[in-house]
Amino acid sequence: MSFFTHNAMGTMIRIFDDFASLFYPRLCLACRKNLPYNQECICVHCQYHLPKTHFHLDKENPFTERFWGRLPLVAGAALYHFSKGGRTQALIHQLKYQHKTQIGLKLGRLYGQQLVQQPSFQSVDLILPVPLHPRKKRLRGYNQSDFFAQGLSDGMQRPWMNHALVRTEDTSSQTRKSRMDRFRNVENAFAIPDPNQLKNRHILLVDDVLTTGATLEACAQTILKVEGTRVSMATMAIASEV
């Protein structure tokens with residue numbers, strides 16, 4: 001195909017895309033403004049201005065501090081700060097409850113490309129999402145953390161699994177519980193069906209938001225019972241501790 005023919009095809013595609021957007025507007029899922037041609041899911045402006053933490057650049061950071069004295073984390077980081085009513089909350093709400101699974105994939109790819117450049121995360125062997133109980137997964141239709149894990153897998157070029165760690169107890173919501181009640185609620189809620197899948201591997205455990213860290217800690221403690229495992233963590237966002 002000649003250069004001019006290629007350019008003409010590109011122009012026609014853009015014209016069609018612009019025409020279609022009059023009836024089916026493509027909106028940035030963060031700011032709800034028109035999404036420019038060839039931009040996916042979240043506009044470049046929002047990608048630049050969303051409240052990044054940059055925690056992955058420091059071995060010790062506010063993410064890892066939440067687990068001091070409780071877990072021997074190799075590394076831990078969150079992509080964004082989470083604030084009530086902010087754009088980060090809007091994105092995660094759409095991912096969890098409105099089937100906008102492309103958000104998890106997009107943010108995972110973006111963050112994975114950053115994490116894999118840091119020495120602490122380069123030795124990761126396998127990415128595991130925090131699992132939902134099968135009943136809750138059936139009701140929602142999917143696990144939002146699966147899509148973040150898949151995006152991280154693409155960005156880091158590391159495998160991921162959504163069956164190596166399972167939730168065996170359908171615990172009640174953590175939302176209105178105190179810190180200690182959250183830990184008690186999930187203390188024995190997870191299991192590993194086949195420990196050989198994790199033996200002697202560096203696991204990156206991932207979830208959507210870090211608050212108290214109760215669920216992530218319960219998952220990590222379960223993983224660390226497997227011989228030779230090491231654990232790091234990554235989330236899409238970190239909220240103020242409650």
Exercise. Please walk me through it: do S232 and H202 pass side chain to side chain donor-acceptor pair (under 3.5 Å)?
Worked result: CA-CA 7 Å; S232 291; H202 180 184; 2.7 Å; yes

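Side-chain contact between Y80 and R87 is absent, with no heavy atoms from C-beta onward closer than 4.5 Å. Contact of the T64 side chain with the K59 side chain is not registered, since no non-hydrogen atoms from C-beta on lie closer than 4.5 Å. Counting only heavy atoms from C-beta outward, the side chains of Q221 and L71 approach each other to under 4.5 Å. Between L216 and R66 the shortest side-chain heavy-atom distance does not fall below 4.5 Å. Looking only at side-chain heavy atoms (C-beta outward), M156 and I127 come within less than 4.5 Å of each other. Side-chain atoms of M236 and L95, non-hydrogen and from C-beta on, do get closer than 4.5 Å to each other.
No more than 12 heavy atoms of other residues, nucleotides or ligands sit less than 6.0 Å from atom NZ of K100. Annotation for H45: atom NE2 does not count as buried by contact number, only 12 or fewer foreign heavy atoms lying within 6.0 Å.
Under the 4.5 Å side-chain heavy-atom criterion for ILVMFWY residues, a single connected hydrophobic cluster contains both L79 and L50.
In terms of modelled atom types and a separation under 3.5 Å, the side chain of Q150 and the main chain of D146 share no donor-acceptor contact.
Classification of the Y111-F148 ring pair by plane angle, with boundaries at 30° and 60°, yields parallel.
When each of L128, V166, L198 is paired with I192, the side-chain contact (heavy atoms from CB on, under 4.5 Å) condition holds for L198 and for no other.
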